[in-house]
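Encoded as C-alpha cells, the structure appears first; notes follow it.
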Protein chains: 2
Amino acid sequence: MPRSTKFDRDKAIEIVMHKIWKDGFQSSSVKAISELLRITRSSFYNAFGDRETLFKEVFAHYSATTPLMNLMLVEQGETVKPVFTKTLRELCAIRANDSLHSGCLAMNGVAEIGGSDSELACFLQQQLALSNARAEELIRWALEGGELAADTNVEGLALAVTNLFVGLNIMSNVIKDEGQLWLAAKTTLQGLNLFAE
Amino acid sequence: MPRSTKFDRDKAIEIVMHKIWKDGFQSSSVKAISELLRITRSSFYNAFGDRETLFKEVFAHYSATTPLMNLMLVEQGETVKPVFTKTLRELCAIRANDSLHSGCLAMNGVAEIGGSDSELACFLQQQLALSNARAEELIRWALEGGELAADTNVEGLALAVTNLFVGLNIMSNVIKDEGQLWLAAKTTLQGLNLFAE
DNA sequence: ATATATTTGTACATATGTGTACAATATATG
DNA sequence: CATATATTGTACACATATGTACAAATATAT
C-alpha cells in the first residue's frame, strides 16, 4: 500500500498560485516553491512532475475562480448585456480590493512569458483565444436576441470586449481605485453598447 | 586623463532593451547582460551601477520611441481625434509587424513586476499615470475645441483610452494579426467617439 | 617618462538553482 | 513479520548568479 503524501495537494496548488501571482513565473523556482510548501525538491518532482506542469495546473485552478467564469455559465436565451456589465463590475471590485495580489494571474502571465514558445505560453494564448471566442458567441446571441443591431460587427465587438478585459486586468496592477477601474470599464461598455444595469 | 569605455553605451542600451523585451526582467541577469554586451561584470557595475538603474535608463530610451510619443507632441488647438486614431493605427501596425519582440516593453513590465515595490515598478506606474494624465489633457482640449460634447466625462474617457492602450499592448503578445488588433482598436475608438480618419 | 582618472579584469566568498539516482520510509495487506 | 508500492529524503554533480576588493590596463595631458 503506498505511502500517502505529507502535504495537501489542493492546498499546495493554492499556495503556489499565490506565489506566482505575487512574484511572477521566473522568480518561482522549484527550490523556492518546495521551501514554501515545506517539502523537498524530490517530493516536488514526484508530485508535480516539473514546473510547467504545475503551473498549468495552477492556471486551471485559477481559471475556475475568475469573474470570467460568469461568461461561461450563460445559456442561450438569457439577456447578455447585463452579464457583461455585471462581470466587469465584479472584476473591477475584485482587482481593486485584492490586497494580496496585483493584476490578474493569467494576463500577467501573458505579458511575462507570452512571447516565449513554452508550452505554458501556448496554453495561456489558447485561454485568451477561447475567451475571445466565448465573447463572440455571447455577442452573437445578443444580436439574435435583439439586444444589438443587426449590422453589429460581431468579430470587432468581441475583440473590443476582450481588449477591455485584458486592459483592465493589467491596468489594475497600477490603478487600485475601484471607482476608476469601473469608470474605465463603464465608459467603454457604454461606448460599445454593452452596458445594461 | 581617464580611460575611455571599450563599448558604445548607447548601443548597449539598445541591446539590453531588446533582451529584456524578449526575455523579461527576471531573466535578464547582470551576468547574462554582461555576456551579451561582451563586457565583464565589473565593467557593467562601473558603467551602469546596478540592474534597476540600467533598466530605468532602458525605459527612458524606449519611451522616446513608442507611438505614444505622438500624443506628447500635440499642441493645443490641433484636432485631437485624428491624433488618437492615427496613434492607435500606428501602434497596431508596429506591434503586429514586430517579429523581434512581443507586446510592449513597458506594459509587459507593469505586468511582470508591477506588484512589487521596487523603484522600477514605481517608475513604470508613474509612466502609466503620466500617460493617463496626458490623455485627459488631450480630451479636454478636444472638448474645448468642440470635437466632443460638453457633457463628456473627461476622466472616464481618459481612463477608457488608457485602458485601450494597455489592452492592445498586452493582447498583441498573443494576437499578431494587424487587422484584428486594429479592429479591436477601431471598434472601441468609434464607441468612445474618438475615431476620425 | 610621469601623473592621473577612469575602465577593465580577476579572484574571492557566497547564494540560488537544477536533474538525477537511489536509499529510507509509511502504509495496507496477507 | 514479510511484501508491495508510492512518497520522502539525501547526496551528487553541475549550472547560474551576486557583490566586492583591488590589481592591471588604458587614454590623455604635461
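All of these numbers come straight from a predicted model, not from anything done at the bench. Here is how names work: the chains are called A, B, and so on, in the same order as the sequence lines, proteins then strands, and each is numbered from 1.
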Reading 5' to 3' through nucleotides 25-30 of chain C, protein heavy-atom contacts under 4.0 Å coded B for base, S for sugar-phosphate only, - for none: BBBB--
Please report the closest heavy-atom contact between A/Leu36 and A/Lys19, naming both atoms and the distance.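 The answer is CD2-CB, 3.7 Å.
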How long is the line joining CZ of A/Phe7 and P of D/dT7, in whole Å?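 Answer to the nearest Å: 9 Å.
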Using atom CG of B/Asn46 as one end and atom P of C/dT8 as the other, report the distance to the nearest whole Å.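 B/Asn46 atom CG is separated from C/dT8 atom P by 7 Å.
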Taking atom types as modelled, is there a side-chain donor on A/Thr40 or A/Ser42 under 3.5 Å from an acceptor on the other?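 No, no side-chain donor-acceptor contact under 3.5 Å.
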Can B/Glu35 and B/Lys31 be counted as an ion pair, charged N to O under 4.0 angstrom?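 Salt bridge flag = yes for B/Lys31 with B/Glu35.
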Give the residues of residues 54-61 of chain B touching DNA chain C, defined as any heavy atom closer than 4.0 Å, sorted by residue number.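 None, since no heavy atom is under 4.0 Å.
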ring-ring contact (aromatic ring centres under 6.0 Å, His included) contacts in which one or both residues fall within residues 148-182 of chain B, not counting sequence neighbours: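 Listed by first then second residue: nothing to list.
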What parts of residues 11-40 of chain B reach DNA chain D, counting only heavy atoms under 4.0 Å away?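 The stretch gives B/Ser29, B/Val30, B/Lys31 as the residues lying under 4.0 Å from the strand, ordered by number.
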Which one, D/dT8, C/dT7, D/dT18, comes nearest to the side chain of B/Thr5?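 Between D/dT8, C/dT7, D/dT18, the one nearest the side chain of B/Thr5 would be C/dT7.
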Residue list, side chain to side chain donor-acceptor pair (under 3.5 Å) with B/Arg51, at least two apart or on another chain: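 Not a single residue meets the side chain to side chain donor-acceptor pair (under 3.5 Å) criterion with B/Arg51.
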With the criterion being N/O to N/O and under 3.5 Å, what pairs connect the protein with nucleotides 21-23 of chain C, and how long is each?
none

